[in-house]
Amino acid sequence: SMLIEAMLPHGVAAMMEFQTENKNRVFGDVRSIVQRAGGSLSPTAFLFEKKGRVWFEPHETIGVDEAMDEAIEAGAEEIAAEEEKLVVDTTPELVTAVSQHLESSLGLKTERTEILYDPNPETQVKLDESQATDLQTVLDAIEDMDDLQELYINALD
């Protein structure tokens, strides 16, 4: 696995996770895509926070308020509702423990867990329509790479 950091057009930072047997090929391909778009490979990790995130299946009687105390006890940093699902953020090393604790204490069912790079709110970039179109061209080229696992950017939706 490899992680590549880049500044894309219009000041958008990217973190790209790849799973590959040929790191040199992936690195060269990414560098070519990014440079053709006017970006550069450069450190961007400081613009993101590495988090563990757990999504729980919808539950009829347990919402954010009902799960708050147990989530904090388990090590959650933040808990929110997203499309009727509880979403809990924690440190990457506690993601499994938080998931298991809330399953056993509240009877919730974990839908999925993930370790991700969440952009720091104060560093997010707002793009106009033209800039978003430029950026999407670069993102499409990166997303077409077979070895790409995850792509995180700090552009606002």
Any heavy-atom pair between the side chains of D134 and L127 that's under 4.5 Å? no
Here the pair of heavy atoms bringing I115 nearest to G52 is CD1-CA, 4.0 Å
Any side-chain heavy atom of V54 sitting closer than 4.5 Å to one from V95? yes
A side-chain contact here means heavy atoms from C-beta on lying under 4.5 Å apart; do M16 and I142 qualify? yes
What is the distance from atom NE2 of H10 to atom CD of Q131, rounded to the nearest 0.5 Å? 5.0 Å
Looking at side-chain heavy atoms only, is the closest gap between M145 and F18 below 4.5 Å? yes
Find out if a path of hydrophobic residues (ILVMFWY) with successive side-chain heavy-atom gaps under 4.5 Å connects L94 to I72. yes
Grab the two heavy atoms, one from P9 and one from A37, that are nearest each other, plus how far apart they are. CG-O, 3.2 Å
Side-chain contact, heavy-atom cut-off 4.5 Å: F27 with L41? yes
List the steps and the verdict of salt bridge (Lys or Arg N to Asp or Glu O under 4.0 Å) for E114 and R112. CA-CA 7 Å; E114 194 174 315; R112 70 183 167 119; 2.9 Å; yes
Are V87 and L102 grouped together when hydrophobic residues (ILVMFWY) are joined by side-chain heavy atoms under 4.5 angstrom apart? no
With sequence neighbours excluded, what pairs up with S99 under the side-chain hydrogen bond (donor to acceptor under 3.5 Å, both in side chains) test? T110
Is it possible for you to say whether I33 and L135 belong to one hydrophobic cluster, with membership spreading through side-chain heavy-atom contacts below 4.5 Å? yes
Say you draw a straight line from CD of E17 to CD of E150; how long is it, rounded to the nearest 0.5 Å? 6.0 Å
For the CZ atom of R53 and the OG1 atom of T113, what is their distance to the nearest 0.5 Å? 12.0 Å
Show your working on salt bridge (Lys or Arg N to Asp or Glu O under 4.0 Å) between K50 and D118 and close with a plain yes or no. CA-CA 6 Å; K50 191 173 184 179; D118 196 26; over 6 Å; no
Just wondering, are more than 12 heavy atoms of other shown residues or ligands nearer than 6.0 Å to CD in E122? yes
Within this structure, what is the NZ-OG1 distance for the pair K51 and T90, rounded to the nearest 0.5 Å? 10.5 Å
Between G75 and V98, which heavy-atom pair has the shortest distance, and what is it? C-CG2, 4.1 Å
Where A14 and L151 come nearest, the two heavy atoms and their spacing: CB-CD1, 4.3 Å
Between the side chains of N120 and Q124, is a donor N or O closer than 3.5 angstrom to an acceptor N or O? no
Checking K85 against E57 for the salt bridge (Lys or Arg N to Asp or Glu O under 4.0 Å) test, could you report, in this order, the C-alpha distance in whole Å, the side-chain angles of both residues, the deciding distance, and whether it holds? CA-CA 6 Å; K85 299 174 187 175; E57 293 178 1; over 6 Å; no
Is it the case that atom CD in E93 sees more than 12 heavy atoms from other parts of the structure closer than 6.0 Å? yes
Intermediate values then yes/no, side-chain contact (heavy atoms from CB on, under 4.5 Å), E77 and E49: CA-CA 12 Å; E77 295 178 347; E49 181 181 356; 4.0 Å; yes
Could you name each residue pair satisfying ring-ring contact (aromatic ring centres under 6.0 Å, His included) that touches residues 102-121, not counting sequence neighbours? Y117-Y152
Within the structure provided, determine whether L156 and V125 are in side-chain contact (heavy-atom separation under 4.5 Å). no
For residues 56-77, the ring-ring contact (aromatic ring centres under 6.0 Å, His included) pairs (sequence neighbours left out) are none
What one should report as the nearest heavy-atom pair of L47 and T123 is O-OG1, 3.3 Å
Please report the closest heavy-atom contact between A76 and V88, naming both atoms and the distance. CB-CG1, 3.4 Å
Is there a path from V12 to V30 through hydrophobic residues (I, L, V, M, F, W, Y) whose side chains come within less than 4.5 Å of each other? yes
Path from L116 to L3 over hydrophobic side-chain contacts below 4.5 Å: yes
Quick one: does E143's side chain get under 4.5 Å of L148's, heavy atoms only? yes
Using 0.5 Å steps for rounding, measure from the OG1 atom of T44 to the CD1 atom of I4. 11.0 Å
Can you tell me how far CD1 of I153 sits from CG of L139, rounded to the nearest 0.5 angstrom? 5.0 Å
Is it the case that the side chain of E66 and the backbone of G63 share a donor-acceptor pair, with hydrogens and angles ignored and the cut-off at 3.5 Å? yes
State, with a plain yes or no, whether a side-chain heavy atom of T20 is found less than 4.5 Å away from one of R25. yes
Do S105 side-chain atoms and H101 backbone N/O form a donor-acceptor pair below 3.5 Å? yes
